[in-house]
Peer 1: 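Questions regarding the structure given below will be posed in turn.
Just so it is clear, the model here is predicted, and its values are computed rather than measured. Numbers restart at 1 for each chain; the letters A, B, ... are given by sequence-line order, proteins then strands.
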There are 2 protein chains.
Amino acid sequence: METKTDMKYNCPIQYTLDLIGGKWKLIIIWHLATEGIMRYSELRRSLKGITHKMLSQQLKELESDGFIHREEYPQVPPKVEYSLTDFGKSILPVLKGMSEWGTSNMNK
Amino acid sequence: METKTDMKYNCPIQYTLDLIGGKWKLIIIWHLATEGIMRYSELRRSLKGITHKMLSQQLKELESDGFIHREEYPQVPPKVEYSLTDFGKSILPVLKGMSEWGTSNMNK
DNA sequence: CGGTATCCAAATCGATACTG
DNA sequence: CAGTATCGATTTGGATACCG
């Protein structure tokens with residue numbers, strides 16, 4: 001499968017949307033930003049309503065696009081921790097903007 | 001149909017994504033921001049690849065969510081102009097952030 | 001010119017079951 | 001615990017034709 005960073009874009013907005021658009025990715029990044037390192041099960045609890053399939057799929061894509069780091073501890077039962085990379089953190093100002101805009105406009 | 005501003009959200013990111021997520025909305029807003037007032041056919045030319053269906057659908061939603069203003073001139077052949085409302089303009093800083101982030105990361 | 005309507009294809013999403 | 005596999009429902013997107 002071709003990663004999105006392989007492709008060529010002319011519009012930076014299209015590019016950005018392609019990387020972090022969709023229903024869950026920004027929410028995942030947002031939770032990792034505010035909570036720090038999180039285990040798979042913690043993420044699942046925080047992101048109420050997300051299914052196994054969606055969570056693991058989105059985590060995989062976020063990892064392969066360089067936004068998050070996956071640390072696996074070889075023990076039984078397994079333990080996996082997810083955290084933002086520096087690249088992942090670089091999108092946070094945009095997210096902050098969205099969050100602030102949303103806060104001042106929703107529920108009214 | 002229930003407009004999105006009717007619904008209640010707890011997460012501002014979810015709210016924002018719901019309003020301006022999807023494949024075309026931000027691009028439409030972006031074009032209206034840089035070009036100013038645009039006719040339907042101008043938008044169609046600018047947004048290479050968009051179909052009638054998508055364009056009119058997205059414009060309708062953007063209008064009903066308060067982002068754009070639709071001015072119809074009663075003449076033959078018809079003429080319709082679209083422009084950003086103040087509310088629509090209020091999202092521009094977020095878009096600018098996305099554009100800058102995209103510019104500095106794409107194609108490398 | 002600026003749209004709708006219809007029909008169909010494709011992508012996305014979700015429930016459930018199963019695994020090391 | 002942290003996933004994958006499978007299937008089906010739902011949503012989204014596109015081609016084309018038609019309308020005032």
Peer 1: Report which part of the nucleic acid B:Arg44 touches: base, sugar-phosphate, or nothing (heavy-atom distance under 4.0 Å, all strands).
Peer 2: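 It contacts nothing in the nucleic acid.
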Peer 1: Atom CD1 of B:Ile50 and atom C1' of D:dT16: how far apart are they, to the nearest Å?
Peer 2: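 Interatomic distance, CD1 of B:Ile50 to C1' of D:dT16: 17 Å.
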Peer 1: CE of A:Met54 versus P of D:dA9: gap in Å, rounded?
Peer 2: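 Taking CE of A:Met54 and P of D:dA9, I get 17 Å after rounding.
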Peer 1: Rounded to whole angstrom units, what separation is found between the CG atom of A:Leu47 and the C1' atom of C:dC13?
Peer 2: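 Result: 15 Å.
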Peer 1: Any idea which of C:dG3, D:dC1, D:dG3 is nearest the A:His52 side chain?
Peer 2: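 The listed nucleotide nearest to A:His52's side chain is D:dG3.
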Peer 1: Go through B:His31 and B:Tyr82 one step at a time and tell me if the ring-ring contact (aromatic ring centres under 6.0 Å, His included) criterion holds.
Peer 2: CA-CA 11 Å; B:His31 276 268; B:Tyr82 292 92; over 10 Å; no
Peer 1: Check whether any side-chain nitrogen or oxygen of B:Arg39 sits under 4.0 Å from OP1 or OP2 of C:dG2, and answer yes or no.
Peer 2: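 It does, given that an N or O in the side chain of B:Arg39 lies less than 4.0 Å from OP1 or OP2 of C:dG2.
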Peer 1: Which nucleotide sits closest to the side chain of B:Lys53: C:dG14, D:dA15, D:dC1?
Peer 2: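 Comparing C:dG14, D:dA15, D:dC1 against the side chain of B:Lys53, the answer is D:dA15.
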Peer 1: Does D:dT4 have OP1 or OP2 under 4.0 Å away from a side-chain N or O of A:Ser56?
Peer 2: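 For D:dT4, OP1 or OP2 has a side-chain N or O of A:Ser56 closer than 4.0 Å.
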Peer 1: Between B:Arg45 and C:dC1, does any side-chain N or O lie under 4.0 Å from OP1 or OP2?
Peer 2: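 Answer no for this pair, as no side-chain N or O of B:Arg45 is under 4.0 Å from OP1 or OP2.
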Peer 1: Given salt bridge (Lys or Arg N to Asp or Glu O under 4.0 Å), test A:Glu42 with A:Arg44 step by step and report yes or no.
Peer 2: CA-CA 5 Å; A:Glu42 291 181 297; A:Arg44 234 204 134 189; over 6 Å; no
Peer 1: What is the distance, to the nearest angstrom, from the CG atom on B:Leu59 to the C1' atom on C:dC1?
Peer 2: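 Going from CG in B:Leu59 over to C1' in C:dC1 covers 14 Å.
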Peer 1: I need the CE-P distance between A:Met38 and D:dG3, as an integer number of Å.
Peer 2: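 My rounded result for the distance is 14 Å.
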Peer 1: Given C:dC13, C:dC1, C:dG3, which nucleotide is nearest the side-chain atoms of B:Pro78?
Peer 2: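 Of the options given, the side chain of B:Pro78 lies nearest C:dC1.
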Peer 1: When you measure from the side chain of B:Lys60, which nucleotide among D:dG3, C:dT4, C:dG14 comes out closest?
Peer 2: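 Nearest to the side-chain atoms of B:Lys60, counting from C-beta on, is C:dT4.
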Peer 1: Rounded to whole angstroms, how far apart are CZ on B:Arg70 and P on C:dC1?
Peer 2: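 Checked: the CZ to P distance equals 16 Å.
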Peer 1: Starting at CD1 of A:Ile28 and ending at C1' of C:dC13, how long is that distance when rounded to a whole Å?
Peer 2: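 Nearest whole value for this atom pair: 14 Å.
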Peer 1: Counting the atoms with a prime plus P, OP1 and OP2 as sugar-phosphate, which does B:Ser41 contact under 4.0 Å by heavy atoms, base, sugar-phosphate, or nothing?
Peer 2: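 Contact class for B:Ser41: sugar-phosphate only.
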Peer 1: Donor-acceptor check, side chain of B:Ser90 to backbone of B:Phe87, threshold 3.5 angstrom: yes or no?
Peer 2: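 Confirmed, B:Ser90 side chain pairs with B:Phe87 backbone.
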Peer 1: Please find the pair of heavy atoms, one from B:Thr85 and one from B:His69, that lie closest to each other, and give the distance.
Peer 2: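 Answer, listing the atom of B:Thr85 first, then B:His69: CG2-N, 3.7 Å.
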Peer 1: Counting side-chain heavy atoms from C-beta on, which of D:dA2, C:dT4, C:dG2 comes nearest to B:Lys79?
Peer 2: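 Nearest nucleotide to the side chain: C:dG2.
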Peer 1: Looking at B:Lys96, I want to see if its NZ is surrounded by more than 12 non-hydrogen atoms of other residues, nucleotides or ligands under 6.0 Å.
Peer 2: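 Atom NZ in B:Lys96 is not crowded, with 12 or fewer foreign heavy atoms closer than 6.0 Å.
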Peer 1: Between C:dG14 atom P and A:Lys48 atom NZ, what is the distance in whole Å?
Peer 2: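 It is 16 Å, rounded to the nearest whole Å.
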Peer 1: Ignoring hydrogens and geometry, is there a side-chain-to-backbone donor-acceptor pair from B:Ser99 to B:Leu95 under 3.5 Å?
Peer 2: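 It does not hold such a pair.
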Peer 1: What's the closest nucleotide to the B:Val80 side chain, out of D:dA2, C:dC1, C:dG3?
Peer 2: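 So the nucleotide nearest the side chain must be C:dG3.
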Peer 1: Classify B:Tyr82 by what it touches in the nucleic acid, base, sugar-phosphate, or nothing, heavy-atom distance under 4.0 Å.
Peer 2: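 Sugar-phosphate, no base atom in range.
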Peer 1: Return the nearest nucleotide to the side chain of B:Gln58; candidates are C:dC13, D:dA2, D:dG13.
Peer 2: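 When the side chain of B:Gln58 is considered, D:dG13 is the closest of C:dC13, D:dA2, D:dG13.
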Peer 1: Considering only side-chain heavy atoms of B:Thr51, which listed nucleotide, D:dG14, C:dG3, C:dG14, is closest?
Peer 2: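 Ranking D:dG14, C:dG3, C:dG14 by closest atom to the B:Thr51 side chain puts D:dG14 first.
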